[in-house]
Amino acid sequence: MSRDSNCIFCKIIAGQIPSRKVYEDEEIYAFHDINPWAPIHFLVIPKVHILSLAHIEPEHQAMMGRLMQCIPQLAQQEGCNPYPEGGFRVVTNTGKEGGQEVHHLHFHVTGGPRPWLRG
Ligand code: 5GP
Ligand code: ZN
């Protein structure tokens with residue numbers, strides 16, 4: 001598995017930095033954001049170190065499909081109310097102008113009753 005020893009999210013996957021785990025399988029890890037914007041806020045990441053959504057390659061297609069498919073299940077598990085009255089938001093910041101601070105691909109999943117701090 002390709003990891004970057006300086007990457008904070010690779011360290012979280014490796015258990016070198018503690019996190020509140022939401023889900024884990026061979027290719028995907030999900031954990032609560034340390035600084036939530038909404039009543040429910042977790043991050044879903046590939047275990048492989050991909051810098052951003054601008055760095056997706058054909059070899060990532062199957063894993064990305066599975067990752068996206070996980071999101072509704074995890075949102076429900078974490079307490080998001082059902083669609084359409086409830087729902088959730090998925091955000092992927094990409095690059096400096098896209099607001100990305102951690103350069104390991106991640107999907108923010110936010111939900112719960114509004115108002116939210118952001119988003
Ligand atoms: P970005 O701005 O890159 O889209 O989002 C990075 C997110 O990672 C932020 O929402 C931030 O709160 C979260 N984050 C940064 N460091 C840590 C950490 O050590 N643990 C957890 N759980 N979240 C983190
Ligand atoms: Zn990484």
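All ligand and atom numbering here is 1-based and tracks the order in the structure. Quick caveat: nothing in here was measured; it's all calculated off a predicted structure. Counting begins at 1 with the first residue of the sequence.
Proximity of the aromatic rings of H104 and H106 is defined here by a centroid distance below 6.0 angstrom, and this criterion is not met. Remark: aromatic rings of F9 and F31 are close, center separation under 6.0 Å.
Taking a heavy-atom cut-off of under 4.0 Å, ligand 1 is surrounded by I8, F9, I12, F31, H32, D33, I34, N35, L43, N93, G99, Q100, E101, V102, H106, H108.
For the residue pair H41 / H32, no side-chain donor-acceptor distance below 3.5 Å is found, with atom types taken as modelled.
Applying the salt bridge (Lys or Arg N to Asp or Glu O under 4.0 Å) criterion to R66, with sequence neighbours excluded, gives E27. In this view, F88 satisfies the ring pair (Phe, Tyr, Trp, His ring centres under 6.0 Å) rule with no residue, not counting sequence neighbours.
Side-chain contact check for W37 versus H108: some heavy-atom pair is nearer than 4.5 Å.
When you scan the N, O or S atoms of H104 for the one nearest the Zn ion (ligand 2), you land on ND1. H49 contributes ND1 as its N, O or S atom closest to the Zn ion (ligand 2).
For residues 96-119, the set of pairs meeting the salt bridge (charged side-chain N to carboxylate O under 4.0 Å, His left out) definition, not counting sequence neighbours, is empty.
Coordination check, H103 versus the Zn ion (ligand 2): failed, since every N/O/S atom of the residue sits at 2.8 Å or beyond.
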